[in-house]
Amino acid sequence: MKNLQLVDLSTQYQKIENEINEAVINVIKSTAFINGPEVKNFQNDFENYLNVKHVIPCANGTDALQIALMALGLEPGDEVITPSFTYIATAEVIGLLRLTPVFVDVDEDTFCIDPNSVREAISNKTKAIIPVHLYGHCAPMKEMLEISEEFGIPLIEDTAQGIGSDYIFPDGSSKKAGTMGAIGCTSFFPSKNLGCYGDGGAIMTNDDNLAKIIRMVSNHGQSKRYYHDVIGVNSRLDSIQAAILRVKLPHLDSYLKARQDAAAYYNSAFEKCDKIITPVVRDFTTHGFHQYTMKLVNTDREALMAKLDAEGIPSNIYYPLPIHLQKAFVGSFKLRVSLNVTEQLMKSVLSLPIHTEMDDEQLSFISNGVLNNIL
Ligand SMILES: *Cc1c(COP(=O)(O)O)cnc(C)c1O
């Protein structure tokens with residue numbers, strides 16, 4: 001099997017090559033590189049897809065999170081609750097703004113924030129909670145929204161890995177990940193479920209007033225041209241990236257389906273292997289499978305990875321070190337709950353290649369490789 005990759009962006013591009021090239025060239029010809037019409041067009045398309053009132057495009061997912069925290073007007077020392085088992089960006093922006101991260105544990109089956117852990121970690125300084133839709137599985141939003149309401153603390157959803165996933169409420173109604181909390185944040189990093197060809201991000205909200213503040217913060221704190229009401233940042237989605245995203249958005253649902261099909265293949269291949277616990281999908285969510293992350297039982301993970309690598313099968317650990325154990329965070333966070341599950345998961349998770357262009361031949365090669373080497 002040649003050239004297996006964790007993510008294959010090239011084959012995906014080839015299928016939409018003409019449309020993409022035309023969209024990019026049109027922006028170049030128009031020279032409307034910054035805040036051109038394509039940015040507004042993508043914003044409208046994305047608002048419709050997500051069924052959310054406001055999308056504010058920005059430069060990347062990390063900026064989206066930072067701008068969300070700035071828009072809530074938090075002060076240094078205010079506490080923000082977030083899982084430690086996530087990508088660094090979620091907590092990095094909390095530290096950057098001199099807010100205090102308070103780390104909580106995750107559910108051992110879904111890898112997502114544990115609402116009981118959140119309840120234990122709340123203090124009178126808690127000013128925001130950031131649930132993460134990790135790997136494409138929605139966080140338990142019903143419970144999180146109840147906590148938000150009960151304590152009057154806004155939720156910022158980090159849906160950088162969960163864009164397009166649906167959260168299903170007990171009455172059967174559903175909402176898109178990133179549209180349930182006060183603010184949602186996403187990334188269009190190329191390998192994300194909806195990726196552009198460079199950096200990109202967006203902030204979502206149904207709140208008119210927050211939308212106004214978010215727009216202002218992301219545009220130099222400017223209320224009208226050359227009048228700056230607050231300290232802001234410069235964070236924009238390029239017109240070229242917006243044009244690419246407009247071409248790709250109509251494919252998002254089929255991209256998610258392709259990922260789900262690949263995950264289903266792995267699940268059935270590993271069904272009988274007692275050393276692998278395949279990903280759990282709760283009834284309240286669809287799973288976008290940004291990652292196919294399994295848990296290994298009584299297995300030397302590093303040895304397995306080395307054997308897979310020797311056979312040309314890439315694998316990766318998301319994430320090998322939780323944030324509360326990262327050097328950059330020493331002494332700058334609070335812990336009120338045990339992070340036992342997080343510390344266990346860190347040792348047992350392994351992610352296999354998953355993307356929109358996997359065929360049965362590749363899936364069979366990879367799953368056989370895993371099964372043959374895990375023994
Ligand atoms: C990718 C990612 C981000 C950051 O997005 P960038 O566009 O790379 O800045 C934030 N949170 C999570 C969970 C991510 O996976």
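Only a predicted model underlies this, so the values are computations on that prediction, with no experimental measurement involved. Both ligands and their constituent atoms are indexed starting at 1 by order of listing.
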Which is closest to atom 13 (C) of ligand 1 by heavy-atom distance: D63, D158, L65?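 Heavy atom nearest to atom 13 (C) of ligand 1 belongs to D158.
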Carboxylate-amine/guanidinium contact [X] [Y], below 4.0 Å:
X: K142; Y: E146; answer: yes
X: K257; Y: D261; answer: yes
X: E157; Y: K175; answer: no

Could you tell me the residue and atom name of the protein heavy atom closest to atom 15 (O) of ligand 1, and the distance to it rounded to 0.1 Å?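 Here the nearest protein heavy atom works out to Q161 NE2, 2.9 Å.
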In terms of relative ring orientation, are Y319 and F85 parallel, tilted or perpendicular, with 30° and 60° separating the classes?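 Taking F85 first and then Y319, their aromatic rings stand perpendicular (interplane angle over 60°).
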For ligand 1 and [X], I'd like to know whether there is a polar contact (N/O to N/O, distance under 3.5 Å).
X: F188; result: no
X: T62; result: yes
X: D199; result: no

Check whether any side-chain heavy atom of V370 lies under 4.5 Å from a side-chain heavy atom of Y266, and answer yes or no.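 No - every pair of side-chain heavy atoms lies 4.5 Å or more apart.
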Ignoring hydrogens and geometry beyond distance, is a side-chain donor-acceptor pair present between D207 and T205 at under 3.5 Å?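 No pair is found: no donor N or O on one side chain lies under 3.5 Å from an acceptor on the other.
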By number and element, which atoms of ligand 1 are closer than 4.0 Å to a non-hydrogen atom of K192? 1 (C), 2 (C), 3 (C), 5 (O), 14 (C), 15 (O)
Output the list of atoms in ligand 1 that are nearer than 4.0 Å to some heavy atom of N60, sorted by atom number. 7 (O), 9 (O)
